[in-house]
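To find a chain, count down the sequence lines: A is the first, B the second, and so on, and within it residues start at 1.
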Protein chains: 2
Amino acid sequence: MAVPTPTAAATESQPARLPVGGAATAAGRVLAVLSAFGPTHPSLTLSEISRRSGLTLTTTHRLVGELRQWGGLERGPDGRYAIGLRLLELGALAPHGLQLRELALPYLDDLHQATRANVHLAVRDGADGVYVEALRARGAVQVLSRLGGRWPLHATGTGQVLLAFADREVQDELLQARLKRFTPDTITDVGELRRVLAEVRRTGVAIADNQLTPDALAIAVPVRGRRDEVVAALGVTVQRGTVPSHALAPALAATARGISRALGSPSATPEAGGAIRASRTGGAMTPRSR
Amino acid sequence: MAVPTPTAAATESQPARLPVGGAATAAGRVLAVLSAFGPTHPSLTLSEISRRSGLTLTTTHRLVGELRQWGGLERGPDGRYAIGLRLLELGALAPHGLQLRELALPYLDDLHQATRANVHLAVRDGADGVYVEALRARGAVQVLSRLGGRWPLHATGTGQVLLAFADREVQDELLQARLKRFTPDTITDVGELRRVLAEVRRTGVAIADNQLTPDALAIAVPVRGRRDEVVAALGVTVQRGTVPSHALAPALAATARGISRALGSPSATPEAGGAIRASRTGGAMTPRSR
DNA sequence: ACGGGCCTTCCCCCCGGTGGAAGCCGGGCG
DNA sequence: CGCCCGGCTTCCACCGGGGGGAAGGCCCGT
């Protein structure tokens with residue numbers, strides 16, 4: 001807890017940062033080995049793991065051996081190590097992760113089919129948003145959206161939604177850190193970000209224009225859970241200029257509402273709930289049973 | 001204490017009560033904690049983890065603490081622990097896992113849309129098949145198909161494909177173990193399984209009728225990689241009797257071929273490739289444009 | 001043949017991990 | 001109200017597993 005956040009170093013993308021910092025404990029060493037892997041380094045040799053984790057070759061060798069035996073790592077025909085299926089299996093159990101995804105997938109699918117856009121479902125983890133699902137549009141290969149992908153909250157549509165509805169405490173902490181720039185238009189000014197977040201709260205929609213990826217336009221809305229708290233953000237990303245930003249909002253809102261209802265959100269359930277926000281996007285979508 | 005280990009018999013000798021998984025090593029203990037979680041136990045209290053892993057409460061407490069700090073576990077508002085997003089993130093890096101999935105998803109999606117059936121993509125891990133993707137049909141909630149799900153090879157369509165094309169060594173080993181029965185029709189006789197596998201190799205299609213789930217019919221075909229080796233199996237599952245089994249095969253084959261081509265399989269690539277196995281499943285399938 | 005990566009094995013010393021025990025909280029019950 | 005009980009947290013002294021230096025094997029490219 002006292003530690004800044006578990007995600008402190010996680011926002012990096014390219015460079016090979018070493019978590020050398022605190023592998024003093026035995027368990028920490030195991031985790032250091034695992035941490036050596038990442039989106040930019042999905043497969044490593046033993047010595048690479050050793051270097052990246054800051055552990056002795058010998059230690060690395062033994063730990064990797066144990067992990068392999070367990071199924072957490074596997075060794076390809078080329079001798080390189082990679083993440084094993086056992087970890088995929090475990091990861092699938094994450095409650096805010098693939099559990100949520102499981103339930104939401106049909107809805108996301110509809111949205112994807114209807115809009116032909118990149119569709120994301122993201123949850124917050126520390127100062128980052130993690131994609132719990134990412135459906136890519138056929139043509140435009142926007143490589144940044146992978147399942148399991150992790151991006152700073154301020155620079156994505158889904159992230160802005162998650163941040164806007166996060167606890168005050170979380171917001172304040174993030175607003176003190178330096179906001180990393182990805183494009184010329186990325187919001188890096190704290191004041192501006194505050195204004196944007198207020199707007200997101202007011203309208204219930206985030207519009208991130210050219211924030212993370214050049215020439216991309218992202219639109220996102222909140223997804224709510226049992227106690228009407230925001231548990232995830234649903235977003236689509238399209239090429240700038242191809243679609244007027246407000247054209248996608250209704251479909252997004254309808255889909256988010258569907259998911260929220262499936263999650264048991266009061267405000268999305270007609271009968272019970274506060275009857276708020278009646279049905280701006282009535283009909284249109286096939287009513288989902290269950 | 002006095003964990004009720006099944007090894008009771010030898011009374012007076014050394015206690016020899018090692019942690020359940022045989023995790024005498026420190027790393028092993030970390031993994032034992034993780035192993036306590038599973039599809040049937042996605043969230044646990046501290047003491048539950050302790051009991052299920054066979055570790056002391058103290059040790060469990062500390063390890064869980066470290067894992068939590070790292071992001072591998074998270075603690076819900078109810079105080080129970082669950083798998084954290086960090087593990088989802090890692091699991092997504094599995095090369096035979098979500099990497100493969102990423103590439104295949106569009107194809108699977110098409111197949112799903114076209115057939116409205118449960119669609120699975122599975123890879124082999126030991127004697128099990130692991131679902132790398134599972135798209136559920138709208139109506140029939142067949143709960144057994146979850147992403148990350150793990151099932152014995154002999155009892156699923158995709159499993160039979162994976163087994164049929166696995167190394168001889170792998171086959172032999174599995175054919176010696178007892179084959180678990182799931183339904184009255186599950187193949188549990190080794191001889192019969194051999195015949196089935198031979199047939200799968202001959203035709204390139206596995207048809208699993210009422211094997212794992214009562215009243216379910218599964219059809220699966222292989223997906224091939226760079227060196228034409230079978231890297232995964234693609235399958236659909238439908239309610240028995242609703243569709244003639246051969247009706248789905250062409251669509252399946254076409255989809256599998258598309259994925260194989262995307263993976264660089266020679267036999268699925270018209271121009272290049274050694275013209276080996278020309279096209280036993282010729283024509284009939286819509287070529288995918290890209 | 002030589003040098004340099006990379007991987008694997010061996011072994012002794014030391015330090016971090018372990019687990020017993022005791023303290024804390026909260027809730028159920030008599 | 002006081003007791004007990006189950007779950008969680010903290011503390012501490014002992015000891016056995018882990019760390020890492022070092023050496024050996026393999027396979028490159030020079």
Could you walk me through whether Y81(A) and L46(A) pass the side chain to side chain contact (heavy atoms under 4.5 Å, CB included) check? CA-CA 7 Å; Y81(A) 290 94; L46(A) 184 63; 4.1 Å; yes
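Atom-to-atom, CG of L73(A) to P of dC7(C) comes out at 13 Å; the value is rounded to the nearest Å. The interatomic distance linking I49(B) (CD1) with dG6(D) (P) rounds to 19 Å, in whole Å. One atom, CG of L57(B), and another, P of dC11(D), lie 16 Å apart when rounded to the nearest Å. Whole-Å rounding puts the L31(A) CG to dG17(C) P distance at 12 Å. To the nearest angstrom, P of dG7(D) lies 5 Å from CZ of R51(B). Note: CG (L46(A)) to P (dC27(D)) measures 17 Å, nearest angstrom. Atom CZ of R29(B) and atom P of dG16(D) are 12 Å apart (whole Å).
Within 4.0 Å (heavy atoms only), R80(B) reaches no atom of the nucleic acid at all.
Between L63(B) and G79(A), the residue anchored nearer the 5' end of DNA chain C, judged by the nucleotide with its closest heavy atom, is G79(A).
At a cut-off of 3.5 angstrom, the base of dG18(D) holds no donor-acceptor pair with the side chain of T58(A).
Comparing atom distances between the S47(A) side chain and each of dG19(C), dC7(C), dG7(D) picks out dC7(C) as nearest. With distances taken from any side-chain atom of T25(B) to the nucleotides dT8(C), dC8(D), dG18(D), the minimum falls on dG18(D).
One finds a salt bridge joining R150(A) and E89(B) here, because a Lys/Arg side-chain nitrogen approaches an Asp/Glu carboxylate oxygen to under 4.0 Å.
Here the shortest heavy-atom pairing between E74(A) and P95(B) reads OE2-CG, 3.8 Å.
Side-chain contact annotation: R80(A) with T45(A), donor-acceptor N/O pair under 3.5 Å absent.
Taking side-chain N and O atoms only, T59(B) has no distance below 4.0 Å to OP1 or OP2 of dG17(C). Between H61(A) and the phosphate of dT8(C), there is a side-chain N or O to OP1/OP2 separation shorter than 4.0 Å.
Note: F182(B) and W151(B) have perpendicular aromatic rings, judged against thresholds of 30 and 60 degrees for the angle between ring planes.
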